[in-house]
Amino acid sequence: MRPGLTVKLSILLACIGILASGVTGYYAYSTNQSLLVKEAERNLLTSTELLSQRLSAVLNDIAADALTLANMPSSAKVAGFEDVAGDDVAKERLAQVFGTIMRLHPQYAQVRLISRQQFGLELIRFDRDGDRLVRVTGSLLQEKGHFPYVFETLALAPGRVYVSPITVNHEQGAHSAEGAPTLRLATPVVTSTGAVVGVVVINVWLKSLLDSVQSDLPAGHQLYLTNEWGDFLAHPNPAMTFGFDKGRRLLVQDSYEQTRPLFDKTQTSVLVNGLDNPQRAKGQILAFVRKPFGLPENHQFVVLGLARPLEDVLRGGKSLGESTIQMVLAFSVLSIVLAVVFSRALTRPLQMLTHAATSFQTRHALEALPVTRTDEIGVLARCFDQMRKELKSHMEKMSQNQQELRHLAHHDSLTGLPNRMQFFHQIECAIDAVAESGQQLAVLFIDLDHFKQINDQMGHAVGDQVLIVVAQRLRSALRGEDVVARLGGDEFIVLIKGPAIAAEVPAIAAKILSTLNEDIMTHGHRLQVCASIGISLFPDDGVTAEELVLRADSAMYKAKVSGRYTFARYQAAE
Ligand SMILES: Nc1nc2c(ncn2[C@@H]2O[C@H](COP(=O)(O)OP(=O)(O)OP(=O)(O)O)[C@@H](O)[C@H]2O)c(=O)[nH]1
């Protein structure tokens, strides 16, 4: 069975409801996710900027240490001696200070005083070797004049601090510092006359530097650091760092395309998130900040980045997601219920109309209609109600007319008695019925005497009234099962059946004659009617309707001839 209008409408409305709540829920959920990510991005950017400021502060502290050492009068004195041996007492005192600095700052890998003379010979040098502090002396001291951190620092004005690029330390004999990513800060040692006589250099392990910078970073955050070309110096995966030292370039721009503006210097910070860029930053939120690094005239910078898992950020929205799903499910169920209720309410009047139409079509029944409604359905119902009432009245009239026509076809319109056709039908039925039972039938052909005179003398209306009275008297004089019909004009015919009808029929004929002969009062006239009756019997006088009627007619003429107002039996010789 095909679904009805109610089902279709319910499905449509339910689908709309479910779709609307689903879309709303999805929109609320995704908007919330976007807001969470944007908020996390802002916080991450702030953390990254704070981190870069902390890096600056740490570098400033190291620079301050370097300046402190360089500004000590003994530094200039030791560095300024022509003789390498110099003033051993002053050197030893200065070395104790250098050693103290090393002990106080575990992140320092090396602290040195390097002379301008003798190709930048190291004068005082402390190395860190694991937990141990090693003072390098004598022939182990090396010439460092060819290193940029020496010759570039010697060219600096007093009080300025050189910051080297962060590289892997390949200086031989540097104990634990050898092979480790290192940053060098150096400042010139100047005599009271303004002569630059040496440099103080502090080597810092990048790892220690970053550990101190990110010490209070929340768990789950990952640190990125690149140089000004984008080479990774710090990365959650150590294999990704210092690619240039291993003969290949591992650039942040290749990992995160969005960081290019930092290196074009068109932006100072960029944000990347895995929600908007699942290809580039899968499952992560990242913030990158460009930070000037070292001497301003060198236009150096580093890029600091922080990342945190997207999942951590979205975890806060998870409960909202679950609530949203519950809400969507609840609204979907509500939508289905409302859709069914609304559809039924909407289609009920249509169903009433449909039911009323089909009931009217099949049973002509006038079922209830929503005629009291004030909307279009009410108008339709009232029109339909009016139409079916008119149709019903027409149909009833037609049926009545048909009945009347059917009656007229078989009855005489003046007297209401069966007509000739009906009589013949009845007599044929009676012949069929009595043929085998051995019963008899009698046909009485009745013709009024001198009826023409009544018409002529008293008018046709009186004649009609007389015919009506005759019909009534014939009907009342006979039994209910006897057939009385009018053949036409003043001729009537009667069919009587019974086991001994031949013996009874003279008395019946006599009764008819006397009944008809009683006075008739009509139109102010007193009349008397006489009649002549011819009788034929089945099966003695005929076995068909035509024969019986014809022979009764013939007998009636015999009665007329014999003086009227009498009856006569058909005789074959006639
Ligand atoms: N008022 C009236 N007269 C009718 C009707 N049908 C026929 N007639 C008349 O009935 C008369 C019948 O006349 P007949 O049977 O020929 O003659 P009658 O005067 O009865 O003479 P007899 O039968 O020989 O006694 C005619 O004058 C018809 O015009 C009718 O329906 N109403």
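Heads up: numbering here begins at 1 and tracks the sequence. All ligand and atom numbering here is 1-based and tracks the order in the structure.
Near ligand 1, residues Asp447, Leu448, Asp449, His450, Phe451, Lys452, Asn455, His460, Gly463, Asp464, Leu467, Arg486, Gly489, Asp490, Lys560, Arg564 each place a heavy atom inside the 4.0 Å sphere around the ligand atoms.
Legend: side-chain hydrogen bond (donor to acceptor under 3.5 Å, both in side chains) pairs involving residues 371-392, not counting sequence neighbours, sorted by first then second residue: Arg373-Asp375, Asp385-Arg388, Asp385-Lys389, Gln386-Glu390.
Classification of the Phe301-Phe263 ring pair by plane angle, with boundaries at 30° and 60°, yields tilted. Ring geometry for Tyr224 against Phe232 counts as tilted: the plane angle lies between 30° and 60°, on a 0 to 90° scale.
The number of heavy-atom neighbours closer than 6.0 Å to CD of Glu481, taken from other residues, nucleotides and ligands shown, is above 12.
Judged purely by distance below 3.5 Å, without hydrogens or angles, the side chains of Asp449 and Ser532 pair a donor atom with an acceptor atom.
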Discussion item. Test salt bridge (Lys or Arg N to Asp or Glu O under 4.0 Å) on Arg569 and Asp541; report intermediate values, then the result.
Written reply: CA-CA 10 Å; Arg569 163 83 193 277; Asp541 302 332; 3.1 Å; yes

